[in-house]
Amino acid sequence: MFMAVESTLPTPVRTPASEKDAKALQFIEEMTKNVDSVQERVLREILGRNAETEYLKRFSLNGATDRETFKSRIPVVTYEDIQPEIQRIANGDKSPIFSVHPISEFLTSSGTSAGERKLMPTIHEELDRRQLLYSLLMPVMNLYVPGLDKGKGLYFLFVKAETKTPGGLLARPVLTSYYNSDHFKTRPYDPFNVYTSPNEAILCVDSFQSMYAQMLCGLIMRDEVRRVGAVFASGLLRAIHFLQNNWKQLAHDIATGTLNPKITDAPVRECMRKILKPNPELAQLVTIECYEENWECIIKRIWPRTKYLDVIVTGAMAPYIPTLEYYSGGLPMACTMYASSECYFGLNLNPMCKPSEVTYTIMPNMAYFEFLPHGSSTSCLVDLADVEVGKEYELILTTYAGLCRYRVGDILRVTGFHNAAPQFRFIRRKNVLLSIESDKTDEAELQNAIENASLLLKEFNTSVVEYTSYADTKQIPGHYVIYWELLVKDSAIAPTDDVLNRCCLQMEESLNSVYRQSRVADNSIGPLEIRVVENGTFEELMDYAISRGGSINQYKVPRCVSFTPIMELLNSRVVSKHFSPDLPHWTPERRR
Ligand code: AMP
């Protein structure tokens with residue numbers, strides 16, 4: 001039976017595309033209408049099943065499963081607070097510390113602690129919860145974009161290196177875990193979720209070979225492509241950059257029906273053998289489109305039937321919007337979901353809205369959510385059903401895998417409600433100064449990197465008197481730009497270009513492992529740049545801030561800038577530019 005969609009969903013253009021979709025939409029309605037009772041049930045389930053864990057016993061919960069007791073006894077924590085327990089699990093302690101269900105693996109978050117990725121314990125059944133959230137995305141999208149079952153999605157999806165903890169548990173990113181699961185690999189056929197990329201290409205750990213095969217398939221199946229995407233905007237731009245660098249070889253493969261010998265991965269070669277047939281006409285088309293200097297609208301030109309881009313452009317990804325608009329010729333960008341290694345949170349119920357209007361509706365069945373009003377003490381936590389429109393909150397999480405009142409670090413603003421479920425705008429990640437893709441560099445890390453690099457200046461009797469930074473995402477890949485004002489005490493021995501280049505590398509060596517992995521393994525961040533500015537520039541910066549009403553007493557040098565007039569001022573005072581001459585060190589193994 002087809003059910004008409006409820007009027008509460010935001011201006012859908014169509015009725016559900018199938019009975020399966022109708023069920024999914026009904027589920028969303030039920031969850032969002034009953035937020036508070038679902039949350040109460042979720043907390044009861046989590047506390048009930050984990051009553052005998054070391055963690056809950058430590059706080060004398062004594063089997064209580066109600067909110068009041070939970071809130072009065074269990075502290076709000078950060079990753080650092082629970083790191084000793086996480087380390088014990090990583091070292092092989094199998095006792096029920098956080099969860100009575102065995103920890104199946106660690107998910108490596110892009111957030112870092114002491115320079116290394118955070119390890120998030122997870123349990124097997126969380127895969128079902130993640131899949132449940134995924135299963136809601138297309139039914140919503142189908143309300144807005146008809147005909148997606150008539151074609152395919154060109155999605156650039158990647159897995160990353162896996163490691164094992166000393167105790168033998170796998171540690172890998174959440175998407176690597178998901179793509180390697182049977183939930184993904186043996187998913188049943190669904191006409192609305194057919195991808196151009198074969199599993200073999202997605203699961204190839206070599207990022208060049210994976211991207212090459214996925215791009216080749218996307219080109220071969222160009223007429224079928226209805227949507228183009230990647231998880232984050234930075235990933236899609238990387239794919240376009242890859243096409244810029246590799247179109248000649250790709251066109252050659254298409255013309256001849258042979259595969260680039262650089263693709264050596266046996267499963268990828270085998271599956272490409274079946275897909276690749278000589279097609280000189282298509283090769284010529286690719287050549288004509290890519291040969292031009294002008295890459296404006298390239299996505300529409302190569303994949304003319306694309307209806308939208310499926311990429312996250314909220315939060316740290318917002319700076320990529322203009323570049324994506326340029327390459328796509330203004331295709332709509334759909335931000336469909338909001339998720340993390342700790343938990344998948346929710347989805348965008350109006351996915352074709354403008355990027356600036358994106359809101360996410362947290363699904364109350366995913367975990368127990370609390371909200372810390374921004375700037376308040378941890379005694380003032382509010383429940384999901386009780387947040388207020390217009391206010392900003394930090395997200396606090398209690399998961400089935402055993403995280404209890406855990407601070408995710410995301411700041412969200414309530415913009416409205418869908419039924420009883422609040423809808424949130426992603427505002428920012430706490431304490432993140434610089435980010436190009438999944439890297440998150442905070443002020444302390446930047447400061448430490450600058451201190452380490454400036455040690456190289458000592459023998460030149462030079463010091464860094466002021467600095468600020470900027471995430472340059474205009475080029476692909478993006479890179480960190482650090483503005484330095486130097487005090488050169490003896491100009492006869494001023495640091496040379498070579499020394500300043502090495503300062504760039506030294507900074508990179510000091511940055512966290514996510515940054516270094518992006519530089520080394522993923523090539524998704526370019527060499528760090530130092531721009532030396534004239535003496536007095538930072539004083540001018542202060543004058544500017546004061547002229548705009550800032551207080552002299554309270555003025556602090558912004559450690560990251562993006563405001564155009566400030567950028568213009570800094571750039572007009574640059575005396576020299578220096579780039580990292582090499583790659584920093586990175587291995588999948590953790591440093592500690
Ligand atoms: P990770 O732990 O590496 O999986 O990163 C999760 C973090 O990525 C979240 O806590 C957010 O800060 C950010 N993130 C995830 N989804 C979105 C989104 N849709 N919009 C903005 N930021 C997001």
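Ligands are counted one by one from 1 in listed order, and the atoms in each one are counted from 1 as well.
Among E445, K440, Q517, the one residue that satisfies the side chain to side chain donor-acceptor pair (under 3.5 Å) test with N512 is E445. Each of H101, E342, R130 was scored for a side chain to side chain donor-acceptor pair (under 3.5 Å) with T122, with one residue passing: R130.
Under the 3.5 Å distance criterion, with hydrogens and angles disregarded, no donor-acceptor pair is assigned to the side chains of E126 and Y400.
How far NZ of K391 is from NE2 of H374: 13.5 Å, rounded to the nearest 0.5 Å. For the atom pair I436 CD1 and I525 CD1, the distance stands at 6.0 Å (nearest 0.5 Å).
Close approach of ligand 1 to I312 is summarised as follows: ligand atoms under 4.0 Å from at least one heavy atom of the residue are 18 (C), 19 (N), 20 (N). The ligand atoms of ligand 1 that sit less than 4.0 angstrom from a heavy atom of M337 are 19 (N). Annotation for ligand 1: atoms under 4.0 Å from non-hydrogen atoms of Y360 are 18 (C), 19 (N), 20 (N). Those atoms of ligand 1 with a heavy atom of V408 less than 4.0 angstrom away are 10 (O). Which parts of ligand 1 touch R429 is read off a 4.0 Å heavy-atom cut-off, strictly below it: atoms 7 (C), 9 (C), 10 (O), 12 (O).
Looking only at protein heavy atoms, the nearest one to atom 20 (N) of ligand 1 is T314 OG1, 2.6 Å. If you check which protein heavy atom lies closest to atom 11 (C) of ligand 1, you get D410 OD2, 3.2 Å. When only non-hydrogen protein atoms are considered, atom 17 (C) of ligand 1 lies nearest to Y338 CD1, 3.6 Å. With hydrogens left out, the protein atom closest to atom 1 (P) of ligand 1 is S341 OG, 3.4 Å, a heavy atom.
Of the options S110, A339, S340, G315, the smallest heavy-atom separation from atom 14 (N) of ligand 1 is shown by A339.
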Atom pairs and distances, side-chain donor-acceptor, residues 352-368, under 3.5 Å, sequence neighbours left out:
unit_1, atom_1, unit_2, atom_2, d
Y360, OH, T314, OG1, 2.8
T361, OG1, Q423, NE2, 2.9
Y368, OH, D383, OD1, 2.6

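With a 6.0 Å cutoff to the six-membered ring centre and a 45° limit on the axis angle, R67 does not count as a cation-pi contact of F70.
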